[in-house]
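Data first, discussion second: the structure below is written as structure tokens.
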Amino acid sequence: MDNKLPKILNIETIAKTRIFEVQQVDLRFSNGEERIYERLAPHHRSSVMVLPIHQNQLIFVKEYAVGPERYELTFPKGIVDQGEQPIESANRELQEEIGFCAKKITPLRSLYSGPSHMYGLMHVFVAEDLYPSSLEGDEPEPLEIIYYPLDKIDELLADPTFAEARNLSALFLLKDFLKARA
């Protein structure tokens, strides 16, 4: 099916906060149908998520997630700063969040989260050959660092409390990565 992109008739900011800008986007599809969509303004800044492996264990952080209003087990992640390449951001986030730097960082894949309503491009990396190195981060409280055995990934994937989609996607990508190099 050869879909022609809808024509954007109008874009208007309908709400703005300190962090978010919500836009109304008026669209006309190739069949003449018109619809109004809402989205977070696309600032086209990507982010990174890093799956650190140290001594046959994954390193996670436990940090507060305001969406579900609970602490979540997650991988180090953050925004790619102006002038940074994603791989540089990955190593910076490791140092800020878990106190390690990586000699080897391998890109797994880039993913969009919530593309119906925002830009949300995230670059996923595996970090290996870690060594101690710290940078000050911007977290409001110290992050709890959790080590998880690599050979128990399937248990984590089956755990209903480990439910953040980006983390689950990253773990499936990691399984394939590890299987390919075995």
Side-chain angles (χ1 to χ4, degrees), residues 1-51 58 60-61 63-94 97 105-127 138-140 153-154 156-180:
M1 185 171 175
D2 187 25
N3 288 344
K4 187 175 172 186
L5 291 176
K7 180 176 181 174
I8 297 175
L9 304 173
N10 186 47
I11 299 174
E12 179 183 340
T13 297
I14 57 174
K16 193 169 185 168
T17 72
R18 181 176 56 84
I19 298 173
F20 299 108
E21 178 181 335
V22 179
Q23 294 178 334
Q24 175 179 305
V25 182
D26 301 338
L27 298 172
R28 180 179 300 125
F29 289 83
S30 60
N31 64 359
E33 285 291 319
E34 292 186 9
R35 293 288 189 276
I36 297 172
Y37 281 66
E38 291 179 359
R39 70 177 181 193
L40 295 177
H43 296 293
H44 297 287
R45 288 187 61 197
S46 60
S47 61
V48 295
M49 175 179 278
V50 191
L51 287 68
L58 284 168
F60 289 91
V61 294
E63 81 181 318
Y64 185 72
V66 71
E69 298 177 2
R70 67 182 193 181
Y71 283 88
E72 292 282 338
L73 193 61
T74 187
F75 293 107
K77 62 187 177 317
I79 298 292
V80 175
D81 286 344
Q82 205 76 6
E84 263 185 337
Q85 292 300 311
I87 200 162
E88 296 168 322
S89 298
N91 231 344
R92 177 181 47 77
E93 290 295 337
L94 285 173
E97 295 191 9
I105 297 182
T106 306
L108 287 181
R109 187 169 179 161
S110 296
L111 308 169
Y112 283 100
S113 67
S116 296
H117 300 288
M118 63 183 184
Y119 176 69
L121 180 63
M122 177 173 270
H123 307 282
V124 181
F125 296 92
V126 173
D138 59 359
E139 282 71 30
I153 289 176
D154 288 331
L156 189 56
L157 287 169
D159 183 343
T161 66
F162 186 73
E164 206 269 7
R166 296 173 302 175
N167 289 311
L168 287 166
S169 296
L171 270 186
F172 280 111
L173 291 169
L174 178 64
K175 278 184 66 167
D176 286 347
F177 172 80
L178 294 173
K179 184 178 176 184

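Worth saying up front: this structure is predicted, and the values here are computed from it rather than measured. Just so it is clear, the values below take in all heavy atoms, side chains as well, and ignore hydrogens, waters and symmetry mates.
With a 4.5 Å cut-off on side-chain heavy atoms, V124 and F177 do not count as touching. Contact annotation: the side chain of E63 approaches that of T74 to within less than 4.5 Å [non-hydrogen atoms, C-beta and beyond]. Taking the side chain as every heavy atom from C-beta outward, F162 and L171 approach each other to under 4.5 Å. Contact check for S46 versus H123: side-chain heavy atoms found under the 4.5 Å cut-off. Using a 4.5 Å cut-off on side-chain heavy atoms (C-beta onward), E69 and Y64 make contact. Side chains of D159 and L73 form no contact here, defined as non-hydrogen atoms less than 4.5 Å apart. Counting only heavy atoms from C-beta outward, the side chains of L174 and L58 approach each other to under 4.5 Å. Under the 4.5 Å side-chain criterion, counting only non-hydrogen atoms from C-beta, L40 is in contact with V22.
The CZ atom of F125 lies 11.0 Å from the CG atom of L51; values are rounded to the nearest 0.5 Å. Note that the OG atom of S113 and the CD atom of E164 stand 8.0 Å from one another [nearest 0.5 Å]. Taking CZ of R109 as the start and CE of M122 as the end, the distance is 14.5 Å to the nearest 0.5 Å. One finds the CG atom of D26 at 12.5 Å from the CZ atom of R35 (value rounded to the nearest 0.5 Å). Separation of atoms CG (L27) and CG (N10) is listed at 10.5 Å; rounding is to 0.5 Å. Of the inter-residue distances, the one linking I14 atom CD1 with E38 atom CD reads 3.5 Å to the nearest 0.5 angstrom.
Across I79 and E84, no two heavy atoms sit closer than the pair O-OE1, 4.4 Å. Closest approach of D81 and S89 over heavy atoms only: N-OG, 3.8 Å. Of all non-hydrogen atoms in T161 and R70, the two that sit nearest each other are O-NH2, 3.5 Å. For the pair L94 and P76, the tightest heavy-atom approach, listed with the atom from each and the gap, is CD2-CG, 4.2 Å. When all heavy atoms of M49 and N167 are compared, the pair lying nearest together is CE-OD1, 3.3 Å. Taking every heavy atom of both residues into account, I11 and R39 meet most closely at CD1-NH2, 3.6 Å.
Residue R45 qualifies as enclosed at atom CZ: its count of foreign heavy atoms under 6.0 Å is above 12.
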Apply side-chain contact (heavy atoms from CB on, under 4.5 Å) to R92 and V48, showing your working. CA-CA 10 Å; R92 177 181 47 77; V48 295; over 6 Å; no
